[in-house]
Visitor: 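The structure is given below, and queries will be raised subsequently.
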Number of protein chains: 2
Amino acid sequence: MTFKINQEIAVCGGRLLKLSHESIATKTSMDVNVYLPKQFYQKSSKIIPSIYYLSGLTCSPQNASEKAFWQIQADKYGFVMVFPDTSPRGEGVATDPENSWDFGIGAGFYVNATEEPYSKNYHMFDYVHNELPKSLSEHFNKDGKKIDFLDNIAITGHSMGGFGAISGYLKTLDKNQYKSCSAFAPIVNPMNVPWGQKAFKGYLGDDKSKWEQYDPCQLLKVVPSKNNDKILIHVGTNDPFLERELKPDNIVEASKGTTWENKIDMNIAEGFDHSYYFISTFVPMHAEFHAKNLGLI
Amino acid sequence: MTFKINQEIAVCGGRLLKLSHESIATKTSMDVNVYLPKQFYQKSSKIIPSIYYLSGLTCSPQNASEKAFWQIQADKYGFVMVFPDTSPRGEGVATDPENSWDFGIGAGFYVNATEEPYSKNYHMFDYVHNELPKSLSEHFNKDGKKIDFLDNIAITGHSMGGFGAISGYLKTLDKNQYKSCSAFAPIVNPMNVPWGQKAFKGYLGDDKSKWEQYDPCQLLKVVPSKNNDKILIHVGTNDPFLERELKPDNIVEASKGTTWENKIDMNIAEGFDHSYYFISTFVPMHAEFHAKNLGLI
């Protein structure tokens, strides 16, 4: 449960901590970056909420820390940012036999693998939605609760991480784990696209009923929407993965006739691609959305 | 003089253009990124000024484009950003025989080399301060002047590029080339630090009178300050290169008794390092400084 501080970097009005810790869920050391905003250093009694950002294929915690510019927004509204890794890593961790970039290391897909050899380490769902929040809360709140890593929290992510955010949000909605959910260019219907099919087959096997337990388009049908929950999504028209992997229409269609109808706030952004140039452009809107839901504005 | 558009990326309210062109000064193809702010796409008759950002050792035009977040500021005030490369590159371009990262390719030091074999291609001073602005102006203003790349312009840079910015500003002050100059963690006294000595010896030879023609601490003595010109500088106290390569005190000391006394606005930022986390934090202040000098506020 102890975190090692590998680096502490001054940025904006706060500090980015590059941390690592031994995970029970993944049986490996996991890297995670945490941005503590300026409000953390101003001695106030207010408890600071957190936003979890799940990165896309090939990313480590560094990419979004360097390029998404959540830090400016974190200082503006007063929230902590958590940037988990995208998979277990290190010696002994199985990866794609073909060493591709869309499966295995860097591509954990935020599920709990049930298939050998991935079932040993690839428990990213438990890690991200259960172990990590608890470990962060224990670590940072030793001397009294300063940061809320468990209750007043929100989730977002990009591409594979956008899938992870929506899937994790829906699968924990019964216990109200996240106050809000958003996604940048998410894979919304993994069962029906190549990246998702490869991942689900590899991590979960051939039984499609197991796939359905993670697929947002399936989850919308079985997880009732509460109150006025909306899921905020941006996708760019110049995203090279739009038609083949993202298929944003699928989740809007899937919501029809369910309690989620008209609650998928899908924004198709003209001219934007799949990169951090796209993400960083819409981070301010997503930050404002979550800040409202976290009671910061 | 023609630019090839290799990529055009939507970011913030404008577009980042990844360009390349054949340079006469360096006798190579040169990469340059140009950010056109939202104001460029709003049909206004206002001519948009430009800021040139010179990058540090090992960088290409991509690093600052991705991590410095000038785009937000460019949209806020309405200026174009130009991100030139740090050296000539490609087949036939001489580099450090030891392939080090602090000399040769990626480390052109923004001087006109006079020593073989570097004198063939390493004419970065002429390229950045003369050929590039003219070429950009011709290319973008074919159908009437929309962007000012030549007159209402400012210059800034980081580390080696901070040196390049200050040196270039002072060396062209007689013709008022730049309206303002700022720098992030600049090498202010290259003659007296290892990076600068290696570069000057390699590109300019042993004659120290040639070194003095580029060294900001020497230039302050011979270039008279005009009006209320201030040079804005930020350096972090956790910068690993602070004592050995940057020596910020040297330029403040050198200004004493010259027309530049009290005109070096040196800000030592507690806890910051040498990275883009540091740069991006202070970009908003530098943007405001230049915007004022460019008549935008």
Side-chain angles (χ1 to χ4, degrees), chain A residues 6-18 33-38 40-41 59 61-76 81 83 184-185 234-240 242 267-285 287, chain B residues 6-18 33-38 40-41 59 61-76 81 83 184-185 234-240 242 267-285 287:
Chain A
N6 300 305
Q7 217 181 336
E8 184 174 337
I9 301 166
V11 56
C12 294
R15 299 259 165 171
L16 182 78
L17 309 186
K18 296 191 178 181
N33 287 0
V34 174
Y35 177 69
L36 303 176
K38 66 178 184 190
F40 179 79
Y41 299 94
C59 288
Q62 314 317 329
N63 307 63
S65 303
E66 291 173 358
K67 298 181 185 176
F69 272 67
W70 280 99
Q71 289 88 321
I72 295 172
Q73 305 301 319
D75 278 5
K76 179 175 179 184
M81 280 304 298
F83 302 100
F184 304 84
H234 279 84
V235 192
T237 57
N238 276 354
D239 191 315
L242 189 68
N267 301 275
I268 308 295
E270 182 61 37
F272 285 88
D273 63 17
H274 199 70
S275 73
Y276 278 93
Y277 289 116
F278 153 69
I279 300 170
S280 62
T281 298
F282 294 100
V283 156
M285 279 187 215
Chain B
N6 300 304
Q7 217 181 335
E8 182 173 339
I9 301 166
V11 56
C12 295
R15 298 261 166 172
L16 182 78
L17 309 187
K18 296 192 178 181
N33 287 0
V34 174
Y35 178 68
L36 303 177
K38 66 177 184 190
F40 178 79
Y41 299 94
C59 288
Q62 314 317 331
N63 307 63
S65 303
E66 291 175 356
K67 298 181 185 176
F69 271 67
W70 279 102
Q71 290 89 319
I72 295 172
Q73 305 302 317
D75 277 4
K76 179 175 179 182
M81 281 303 301
F83 302 101
F184 303 84
H234 279 85
V235 192
T237 57
N238 276 356
D239 192 314
L242 189 68
N267 300 275
I268 308 294
E270 182 61 36
F272 284 88
D273 64 17
H274 198 70
S275 73
Y276 278 94
Y277 288 116
F278 153 69
I279 300 169
S280 62
T281 299
F282 294 100
V283 156
M285 280 188 215

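The chains referred to below are lettered A, B, ... by the order of the sequence lines, with proteins before strands, and numbering in each begins at 1. We use all heavy atoms of the structure for the numbers below, so side chains are in, but hydrogens, waters and symmetry mates are not.
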Visitor: Starting at SG of Cys12(A), measure out to CH2 of Trp70(A) and round the result to the nearest 0.5 Å.
Guide: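 Going from the SG atom of Cys12(A) to the CH2 atom of Trp70(A) covers 13.5 Å.
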
Visitor: Does any heavy atom of chain B fall under 4.5 Å from the side chain of Leu16(A), the backbone, both, or neither of them?
Guide: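 The side chain, not the backbone.
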
Visitor: Report which part of Tyr276(B) has an atom under 4.5 Å of a heavy atom belonging to chain A: side chain, backbone, both, or neither.
Guide: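 Contact with chain A is absent: no heavy atom of Tyr276(B) under 4.5 Å.
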
Visitor: Would you give the length of the straight line joining atom CZ of Phe184(A) to atom CG of Asp239(A), rounded to the nearest 0.5 angstrom?
Guide: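 Interatomic distance, Phe184(A) CZ to Asp239(A) CG, rounded to 0.5 Å: 13.0 Å.
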
Visitor: Tell me, out of Phe272(A), Phe278(A), Tyr277(A), who's got the most heavy-atom pairs with chain B below 4.5 Å.
Guide: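 Among Phe272(A), Phe278(A), Tyr277(A), the one with the most close pairs to chain B is Tyr277(A).
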
Visitor: When only pairs under 4.5 Å are counted, which of Asn238(A), Ile9(A), Asp273(A) shares the most heavy-atom pairs with chain B?
Guide: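 Counting heavy-atom pairs under 4.5 Å, the top option is Ile9(A).
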
Visitor: Given heavy-atom pairs under 4.5 angstrom as the criterion, report whether the side chain, backbone, both or neither of Gln71(A) touches chain B.
Guide: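 Gln71(A) touches chain B through side-chain heavy atoms alone.
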
Visitor: Determine the minimum heavy-atom distance between Arg15(B) and Gly271(A), stating which atoms define it.
Guide: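 What the structure gives for the nearest pair is NH2-CA, 4.1 Å.
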
Visitor: Which value, rounded to the nearest 0.5 Å, describes the distance between Ile268(B) atom CD1 and Thr237(B) atom OG1?
Guide: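 If I round to the nearest 0.5 Å, the distance is 8.5 Å.
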
Visitor: Could you grab the distance from atom OG of Ser280(A) to atom CD of Glu66(A), nearest 0.5 Å is fine?
Guide: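 Answer rounded to 0.5 Å: 13.0 Å.
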
